[in-house]
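Take a look at the structure set out below.
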Amino acid sequence: MKRISLEGLLHSRQDDPYEQQHHYIMGLLEEGKIKPLKASGTNGKKPALYREYWVVEKKKDYSLLTEELKYGLLPLISVDYYLSHPESYEQDRAWVLMLNDYLKNHRQLLSHQESINERSFEIWNREKFLTREQGKRILKRCGLTLEFFNIYGTTEPLAYYSHTREVPQNLLILENKDPFYSMRRHLLKGCHTILGVPVGTLIYGAGKGILRSFQDFDLCAEPYMKDPRNTICYFGDLDYEGIGIYENLAETFREQWKIIPFLPAYEAMLSKAGEITNLPDTKELQNRNIKGLFFSYFEKNQAAAIRELLESGKYIPQEILNITDFEHR
């Protein structure tokens, strides 16, 4: 019940004579639409009316919806939640019935794996229903999981430049966009090596984005790129975050691929940074949880120099190297 004042009840009749106002309130009381809140006291007029009332809200009849839940849906769809919350079923009903129709008439389509947006449109005619709208909530209420629908997520595709498709070859993943463009320009000029090392393919990692896009490497990469004889290298900033990206990438995919630091580039960074007295300060809020895998590929003096750099609060960006450096070794 909702509490309301006498003035609120009479808002649309405030200009009526008191006798008509009293008659109106008495009518609401007789119909059971309101109940007096006696503790509020009366208004001091004759005949008296209480100052506040309870508005009696008529309970909605959900019997037809309950009947539909019990006997109209497939056993695959759990109805326990909706039987306890019929008002929610009333809101979700159109979507639940579309799901029920799909499972009843098109369930065989689940034998073919589809992207989450494709399956979403197939069931509800809305491609974002499962990712940005109420789809996941409705599935949970129906006792169904995303896995049941045989779907896969999609990531941003790998951006890469194939200088050659010969195998075996060295594939080089680059953390940032500038080195990717500069090294591509270098190879397009007719060069075949970078810092003395032959490189056949450049892959743009987009920072931490490589951790997502590389998940589909086995599915989406060209056949030559997946040749087990290839070597996959990584080159990023010499800071906590860049090293952390490499270590996470190498650890996450170690069962399928061995990914190693591109040592010539890191060595060139250290050498060129030795000529600079005012290296930039490490960016704030970087995750400093690096495990040591990265350093294991370097000679002791090089690893020590990198650790000293990090501990001093400085870093070396990839952009310290440019197209004029790639021919030198």
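- Atom NZ of Lys300 is surrounded by 12 or fewer heavy atoms from other residues, nucleotides or ligands within 6.0 Å.
- Counting heavy atoms of neighbouring residues, nucleotides and ligands inside a 6.0 Å radius, atom CD of Glu166 does not exceed 12 of them.
- Between the side chains of Tyr18 and Asn43, at least one donor-acceptor pair of N or O atoms lies under 3.5 Å.
- Aromatic ring pairs are classed by plane angle as parallel below 30°, tilted from 30° to 60° and perpendicular above 60°; the pair His192 and His163 is tilted.
- Scanning for side chain to side chain contact (heavy atoms under 4.5 Å, CB included) contacts around Thr66 gives Tyr62, Lys70, Leu83, with sequence neighbours left out.
- Between Tyr234 and Tyr266, the distance separating the two ring centers is not shorter than 6.0 angstrom.
- The aromatic rings of Phe217 and Trp257 stand perpendicular to each other, their planes meeting at an angle above 60°, with 30° marking the opposite boundary.
- Note: Tyr81 and His85 meet the aromatic proximity criterion, with ring centroids under 6.0 Å apart.
- Classification of the Tyr297-Tyr246 ring pair by plane angle, with boundaries at 30° and 60°, yields perpendicular.
- Listed by chain and residue number, Leu9, Tyr53, Val55 satisfy the side chain to side chain contact (heavy atoms under 4.5 Å, CB included) test with Ile4 (two or more places apart in sequence, or in another chain).
- Aromatic rings of Phe298 and Phe295 (six-membered ring for Trp) have centroids beyond the 6.0 Å cut-off, not under it.
- Ring-centre distance between Tyr160 and Tyr204: not below the 6.0 Å cut-off.
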